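The structure under discussion appears below in the form of structure tokens.
Note that the structure is predicted; figures quoted are calculated from it, not measured.
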Amino acid sequence: MKVNMNKMKAMVATGYGTSEVLELQMVQRPQPGSGDLLVRVHSSVATTADGMMLTGKPYVARLVLGWNKPKKSIPGTGFAGVVEEVGGEVNNFKVGDRVFGGTTFGFSANAEYVVIKAEGYVLPMPEQLSFGEAATFTDGHITSLNFLKEIAKVKPGERVLVNGASGSLGTAAVQLAKAMGAEVTGVCSTQNIGLVKSLGADHVVDYTQTDFTRNGERYDVIYDTIGKSSFGKCRKALVEGGQYISPVGKLSLLLQMMWTSLVGGKKAKFAATGMRKEGDLRRMLGDLVRFYKAGKLKTVIDRQYPLEKLAEAHTYIAQGRKRGNVVIVMGE
């Protein structure tokens with residue numbers, strides 16, 4: 001059977017909704033420009049954020065994503081693979097290089113090939129890192145690094161609580177906060193206590209038994225990776241000048257962020273990591289590589305799915321029980 005080299009397999013979102021809107025299709029293979037890399041994807045990721053964007057809600061998000069259906073129909077942002085082709089002006093990568101990175105609002109990573117700017121959000125892969133591990137770096141790893149280092153500016157000796165410590169953001173956050181010299185408390189369910197302790201948490205709170213906002217402990221930083229709490233609930237659990245930070249951009253959090261930026265010692269903070277400049281993201285990806293090479297950051301992978309079962313992966317993620325990351329693998 002003749003293979004069409006101009007086509008590739010990709011998962012396509014045919015509209016907004018649940019994971020049922022995803023279909024495996026043969027689509028046009030992207031063509032690299034003069035400053036681009038064409039990467040054959042070995043692994044990508046399925047994330048909670050991807051699932052939320054599939055729904056097209058809140059509706060204000062459609063101003064960016066597309067009103068009636070996604071403008072970028074192939075989901076996925078984090079990838080790892082091998083350079084298949086380089087543009088004529090590229091001199092920092094060559095064909096055959098193992099690379100990893102992210103496409104941010106370009107999406108398109110849940111496919112056999114992806115195009116990325118050679119000077120953009122992409123780096124060579126460390127030799128010891130697997131494709132599956134590398135693809136996850138641009139999800140929980142970089143988001144947690146952004147919040148802990150860039151936004152909260154965690155200092156040695158500070159007390160940091162991570163709510164949702166067993167998820168993709170949480171497993172990275174526990175390790176990164178510990179590597180920054182913080183005293184770390186992880187909040188998770190009973191079944192994940194062992195995992196969170198193994199990642200270096202000094203203390204673990206079982207949320208099925210204890211409400212961390214009411215147990216009398218105080219923290220310099222509360223990092224709510226899953227948005228299940230709020231600044232209002234956590235306020236009494238913060239020291240004076242403490243920070244409640246979360247990547248889940250609820251309207252209430254945005255209003256509290258504006259208010260606390262003007263008055264009060266305790267602060268609420270939100271940021272969209274994927275909207276940072278490519279140069280910043282690339283720099284932070286380099287920081288993560290240094291943490292990894294120093295033995296201070298490992299990746300927790302819950303499940304791996306083939307590309308054609310991306311919808312099944314998102315159905316699993318939506319159940320809210322995943323531990324660490326969900327990886328999408330290409331090929332056989």
Side-chain angles (χ1 to χ4, degrees), residues 13 16 35-36 44-67 69-80 100-110 114-123 135-154 164 167-170 172-173 176 221 223-227 231 243-261 267-289 317 325:
Y16 289 118
D36 297 335
S44 60
V45 286
T47 71
T48 301
D50 290 342
M52 291 174 64
M53 284 184 277
L54 276 178
T55 68
K57 296 177 182 177
Y59 287 104
V60 68
R62 299 191 184 194
L63 295 174
V64 176
L65 301 176
W67 192 253
K69 63 179 182 179
K71 288 187 291 187
K72 299 288 187 179
S73 59
I74 301 172
T77 57
F79 69 88
F100 70 129
T103 59
T104 62
F105 287 99
F107 302 104
S108 306
N110 294 146
V114 69
V115 164
I116 188 84
K117 293 178 183 177
E119 298 292 342
Y121 185 15
V122 61
L123 285 178
T136 69
F137 270 51
T138 60
D139 178 34
H141 293 48
I142 205 156
T143 300
S144 291
L145 181 68
N146 184 41
F147 272 85
L148 295 172
K149 183 180 179 183
E150 307 281 327
I151 297 172
K153 295 180 171 55
V154 170
S168 58
L169 278 70
L176 291 169
V221 176
Y223 178 30
D224 188 1
T225 69
I226 50 178
F231 175 68
Q243 304 174 73
Y244 170 87
I245 57 176
S246 178
V248 183
K250 299 176 183 177
L251 177 60
S252 59
L253 175 57
L254 299 178
L255 293 173
Q256 288 161 345
M257 182 174 72
M258 289 187 290
W259 176 250
T260 60
S261 69
K267 305 297 183 183
K269 295 183 179 180
F270 162 79
T273 302
M275 295 186 73
R276 294 199 59 160
K277 294 179 180 179
E278 288 185 342
D280 291 338
L281 293 170
R282 181 179 176 131
R283 170 180 56 79
M284 289 192 289
L285 191 59
D287 289 341
L288 290 171
V289 169
I317 292 170
N325 300 271

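Once rounded to the nearest 0.5 Å, the distance linking CG of Leu285 with CZ of Phe137 reads 7.5 Å. Separating the NZ atom in Lys71 from the CZ atom in Phe105 is a distance of 10.5 Å, to the nearest 0.5 Å. Taken to the nearest 0.5 Å, the CZ atom of Phe270 stands 11.5 Å off from the OH atom of Tyr244. Separation of atoms CD1 (Ile245) and NZ (Lys267) is listed at 15.0 Å; rounding is to 0.5 Å. Between Phe100 atom CZ and Thr136 atom OG1 the span is 9.5 Å, to the nearest 0.5 Å. Atoms OG and CG, from Ser144 and Leu169 in turn, are 4.0 Å apart once rounded to the nearest 0.5 Å.
Counting heavy atoms from C-beta outward, Leu65 and Phe107 have side chains that approach closer than 4.5 Å. Proximity of Leu253 to Val248: side-chain heavy atoms (C-beta onward) are nowhere separated by under 4.5 Å. In this structure the side chain of Val154 never reaches within 4.5 angstrom of the side chain of Lys149, judged on heavy atoms. Side-chain atoms of Tyr16 and Met53, non-hydrogen and from C-beta on, never get closer than 4.5 Å to each other. In this structure, Phe147 and Thr225 have side chains that are not in contact, with every pair of non-hydrogen atoms separated by 4.5 Å or more.
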Derivation and outcome, side-chain contact (heavy atoms from CB on, under 4.5 Å), residues Ile226 and Asp224 | CA-CA 6 Å; Ile226 50 178; Asp224 188 1; 3.6 Å; yes
Test side-chain contact (heavy atoms from CB on, under 4.5 Å) applied to Leu288 and Leu145, step by step | CA-CA 8 Å; Leu288 290 171; Leu145 181 68; 3.9 Å; yes
Given Ile74 and Val114, is the side-chain contact (heavy atoms from CB on, under 4.5 Å) satisfied, shown in steps?
-> CA-CA 10 Å; Ile74 301 172; Val114 69; over 6 Å; no
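When the ring-ring contact (aromatic ring centres under 6.0 Å, His included) test is applied to Phe79, no partner is found at least two apart in sequence or on another chain. Partners of Leu281 according to the side-chain contact (heavy atoms from CB on, under 4.5 Å) rule, which considers only residues two or more places apart in sequence or in another chain, are Thr104, Tyr121, Ile142, Thr273, Arg276, Met284. Applying the salt bridge (charged side-chain N to carboxylate O under 4.0 Å, His left out) test to Lys69 and every residue at least two apart in sequence or in another chain returns nothing.
Not a single donor-acceptor pair under 3.5 Å links the side chain of Ser44 to the backbone N or O of Gly78. Side chain of Ser108 to main chain of Gly106: a donor-acceptor pair is present (N/O by atom type, distance under 3.5 Å, no hydrogens or angles). Of the possible donor and acceptor atoms, none in the side chain of Ser73 sits under 3.5 Å from a partner among the backbone N and O of Pro70.
Residues His141 and Ala172 approach most closely at CA-CB, 3.7 Å, considering heavy atoms. Across every non-hydrogen atom of Val122 and Lys117, the tightest pair is CG1-O, 3.5 Å. Counting all heavy atoms, side chain and backbone alike, Gly102 lies closest to Ile116 at O-CD1, 3.3 Å.
One side chain, Lys269 or Gln243, offers a donor N or O that lies under 3.5 Å from an acceptor on the other. No side-chain donor-acceptor contact under 3.5 Å links Asn146 and Thr143. A side-chain donor-acceptor contact under 3.5 Å links Ser168 and Asp139.
Between Glu150 and Arg283 there is a salt bridge, since at least one side-chain N of the basic residue sits less than 4.0 Å from a carboxylate O of the acidic one.
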